[in-house]
Amino acid sequence: MNKEIDTLSVNAIRILSADAIQKANSGHPGLPLGAAPAAYTLWSRHMNFDPMNPQWINRDRFILSGGHGSMLLYSLLHLFGFGLQVEDLMNFRQLDSLTPGHPEYGHTAGVDATTGPLGAGLGMAVGMAMAEKHLAAKFNKDDMKLIDHYTFALAGDGCMMEGISSEAMSLAGTLKLSKLIVLYDSNNISIEGSTDIAFTENVRKRFEAFGFQTLLVEDGNDIEAIDKAIAEAKADTERPSLIEIKTKIGAGCPAKEGKASAHGEPLGAENVAALRANLGWPVEDAFVVPDEVYENYTAIAEKAAESYTAWKELEAAYGAKYPEDMALFNSYMDNSAAASKLYDIPEFAADQEGAVATRNASGKIINIIKDAIPNLFGGSADLSPSTKTYMNDAGDFSAATPEGNNLHFGVRELAMGAIGNGIMLHGGLQAFVSTFFVFSDYLKPMARLSALMHLPLTFVLTHDSIGVGEDGPTHQPIEQLSTFRAIPNMLTFRPADYTETAAAWYTAMNSTSRPVALVLSRQNLPALPSGVGKNALRGGYIVADAAGSPDAIIIATGSEVGLAMDAKKVLDEKGINTRVVSMPCVELFEEQSETYKEGVLPSSVTNRVTVEAASTFGWDRYATKHVGIDTFGASGPAKLLFEKFGITVDKVVEALS
């Protein structure tokens, strides 16, 4: 190894990061300066990647969980030839640049996850490692390993403080995700000063308790020690690994090293000059890197890219020897054909017989989907008997049986959301996660990231209203529907019967860029008229029309569509010609043509009421009268609760009479 070129290459990351942050007059130089040796060692000596094929399925993954240190990643991507130019670094944090303040998946080549909320990257790394382990168990042969890569995460003290790290790492240890390696940038500094003011635990002991191998590198500048630790982590085939690397925030900057002020503000022009002098950087001009450094990075990238070439040869040989498995693998990589044919399966959208809870309808549909789409991979936060999300005869994913498709997240909603995102980011699997709707508050930050990253993760959220009954207000969602509907790029479905539930699942399985939330009932709901439910694919539709031009319109969702149908009978008898509109997905309805929307909700009919056993917030766009609930619920039988809170036929009739 050439120690001099390694030192220059590490310092190139530091200098480029400092220059970009200084030019932007905004950013976080502390992490890039301190963690540059660890990142360089990992990328130069241990990672398989190809800058020309940044989405290669068998590449090693790198997740910068401390996303505020984004210039570390951007410097690496520039130096290794992923397409970021010097001009992109000069436009750090500027509008429409390829170098936003935090890394954004799908925006910049080489960014494996959108990382902003601290600790979220660790959860997504667990999902990626689970996906790798499952796909390897499904497809690898003794003589050919089609999926065989590592997931690396770089995390700091803030990530370790966030509760999601404990949730996710606990599950990683339980599942023995030995190809997950966490590099802990341990500098004992947070924004407010020394971490001792709020964080004195022994992180390695915590990870030992989770079931991790734990390693310590005392000097974060010691490339050889870091190299040895990563090799030792990779050698453990039974446990995931944590490598604590003791670093100094702002390393190399005399006035800032080891100080909280290095975290989140530019170093200042004088300090950038002092950094250059202290590191012995040979160039005074900003954003200029010596040719020999670029040559070193290019040589490393070319060597790393050989792993892609070798894999393509392996893929061809695998296809020749195991053609059926190869065909299945290719279907995993793109299940669009199978998903688009779901409605061709008679049982998928059959007419409902009798009253059925939509959670039960969903459970039946899941077990139809898993036969059509064998890479369906999901589970719940310890609630599958209640959320009806267990896939029969599909096996359980565990340390001993990674080929299983049923996931058991334990009571870890926040990590579950991040892990689901990680599975979808990995590729090759169609993931879903599940819990009671009221507990979606625990996973909503990760649902927001799903939408931000355009990941079609499916959320199965049951027990959707005060219909939960005796469990009381802690378990009865009120405002959750309006908050999910407020998330940009999210589709929220609240179906009214089996066929609408099938439409929701069809939408979820065919979505390519939006997460879909299925909000499902615990209580049994009556079937809608035969043949109308497929119209739920348009978000809102006429489920029962008036005789002639409507005098009034009831807009309802989920369990309240049946109530609306009953109210229509009373109103019709009173001479008020009433139309019932089912609106299972507001977002899809809003995307329909103006002609269609006017046909469903003619502007001439202003006598309208919305009916939903949830907060009335957001419904003013369609009506001025609402039957809903804007208080918390109560404990008691569901039927009595609907009466207590005025979600009744009488209230709907009163509103329109």
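Keep in mind that the numbers below use all heavy atoms, side chains included, and drop hydrogens, waters and symmetry copies.
- Heavy-atom neighbours of Glu201 CD from other residues, nucleotides or ligands within 6.0 Å: above the threshold of 12.
- Across all non-hydrogen atoms, the minimal contact from Met490 to Val516 is SD-N, 4.3 Å.
- Counting only heavy atoms from C-beta outward, the side chains of Thr114 and His102 never approach each other to under 4.5 Å.
- Aromatic ring centres of His107 and His454: separated by at least 6.0 Å.
- Put simply, the side chain of Leu122 reaches to within 4.5 Å of the side chain of Val182, judged on heavy atoms.
- For Phe397, the CZ atom is densely surrounded, since the number of other residues' heavy atoms within 6.0 Å is greater than 12.
- Side chains of Ser9 and Asn296: a donor-acceptor N/O pair is present below 3.5 angstrom, by distance only.
- Between the side chain of Arg276 and the backbone N or O of Trp281, no donor-acceptor pair lies under 3.5 Å.
- What you find for Asp227 and His46 is that their closest heavy atoms are OD1-NE2, 2.6 Å.
- In this structure, CD in Glu413 is found 12.5 Å from NZ in Lys444, a value given to the nearest 0.5 Å.
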* Trace of the side chain to side chain contact (heavy atoms under 4.5 Å, CB included) decision for Ile57 with His426 -> CA-CA 7 Å; Ile57 189 68; His426 182 277; 4.0 Å; yes
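- Ser170 places no side-chain N or O within 3.5 Å of a backbone atom of Glu167 that could act as its donor or acceptor partner.
- Under a 4.0 Å N-O distance rule, the pair Glu132/Arg59 does not qualify as a salt bridge.
- Interatomic distance, OH of Tyr74 versus CG of Leu84, reported as 8.0 Å (0.5 Å rounding).
- With respect to Lys246, the side-chain hydrogen bond (donor to acceptor under 3.5 Å, both in side chains) criterion is satisfied by exactly one of Asp185, Asn188, Asn187, Asp219: Asn188.
- Nearest approach of Leu64 to Gly69, heavy atoms of both residues: CD2-O, 3.4 Å.
- How far CE of Met130 is from CG of Leu429: 10.0 Å, rounded to the nearest 0.5 Å.
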* Show your working on ring pair (Phe, Tyr, Trp, His ring centres under 6.0 Å) between Tyr40 and Tyr297 and close with a plain yes or no. => CA-CA 10 Å; Tyr40 172 74; Tyr297 275 100; 5.8 Å; yes
* Go through the steps to decide whether Ser178 and Glu238 satisfy the test side chain to side chain donor-acceptor pair (under 3.5 Å), and finish with yes or no. => CA-CA 5 Å; Ser178 61; Glu238 294 296 321; over 6 Å; no
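- Between Phe210 and Phe207, the distance from one ring center to the other falls under 6.0 angstrom.
- Ser75 and Ser17 are linked by a side-chain donor-acceptor pair at a separation below 3.5 angstrom, with hydrogens and angles left out of the test.
- Remark: the backbone N or O of Lys176 is paired with a side-chain donor or acceptor of Lys133 at under 3.5 angstrom.
- Here Tyr150 contributes atom OH and Leu42 contributes atom CG; the two are 12.0 Å apart, rounded to the nearest 0.5 Å.
- Judged by the 6.0 Å distance and 45° axis criteria, Lys23 is not positioned over the aromatic ring of Phe92.
- When every heavy atom of Gly428 is checked against every heavy atom of Met333, the shortest pair comes out as CA-CE, 3.5 Å.
- Here the shortest heavy-atom pairing between Asn2 and Glu4 reads OD1-N, 3.1 Å.
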* side chain to side chain donor-acceptor pair (under 3.5 Å) between Ser440 and Gln480, worked out -> CA-CA 8 Å; Ser440 66; Gln480 283 75 14; 5.5 Å; no
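- Ion pair Lys256/Glu265 flagged as a salt bridge, since at least one NZ, NE, NH1 or NH2 atom sits closer than 4.0 Å to an Asp/Glu carboxylate oxygen.
- In this structure, a donor-acceptor pair under 3.5 Å is present between the side chains of Ser450 and Asn421.
- Ile249 places none of its side-chain heavy atoms less than 4.5 Å from the side chain of Leu33.
- Inter-residue side-chain proximity for Ser65 and Cys159 is flagged as met; some heavy-atom pair is nearer than 4.5 Å.
- Between Phe80 and Trp43, the angle of the ring planes stays under 30°, which puts this pair in the parallel group of the 30/60° scheme.
- A donor-acceptor distance shorter than 3.5 angstrom exists from the side chain of Asp222 to the backbone of Ala225, with no hydrogens or angles considered.
- Taking each heavy atom of Ile245 and Gly220 in turn, the nearest pair found is CG2-CA, 3.6 Å.
- Under a cut-off of 6.0 angstrom, the local environment of CD1 in Ile191 is sparse, with at most 12 non-hydrogen atoms contributed by other residues, nucleotides or ligands.
- Between Thr99 and the choices Leu77, Thr108, Leu73, Asp88, the side-chain contact (heavy atoms from CB on, under 4.5 Å) rule is met once, by Asp88.
- Listed for the His149 side chain is no donor-acceptor partner under 3.5 Å among the backbone atoms of Asn58.
- Note: Leu443 CG to Arg412 CZ = 14.5 Å, rounded to the nearest 0.5 Å.
- Remark: of the listed residues Ile63, Ile181, Leu72, Leu72 is the sole one forming a side-chain contact (heavy atoms from CB on, under 4.5 Å) with Leu154.
- Ionic pairing of Glu587 and Arg485 is not present here: no N-O contact between side-chain nitrogen and carboxylate oxygen is shorter than 4.0 angstrom.
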* Pair Val433-Val460, side chain to side chain contact (heavy atoms under 4.5 Å, CB included): steps then yes or no -> CA-CA 6 Å; Val433 298; Val460 183; over 6 Å; no
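- Note: Phe49 and Phe82 meet the aromatic proximity criterion, with ring centroids under 6.0 Å apart.
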* **Working for ring pair (Phe, Tyr, Trp, His ring centres under 6.0 Å), residues Tyr294 and His78** => CA-CA 10 Å; Tyr294 278 121; His78 165 68; 5.5 Å; yes
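- Taking CD of Glu295 as the start and CD1 of Ile300 as the end, the distance is 12.0 Å to the nearest 0.5 Å.
- One finds no salt bridge joining Lys3 and Asp6 here, because no Lys/Arg side-chain nitrogen approaches an Asp/Glu carboxylate oxygen to under 4.0 Å.
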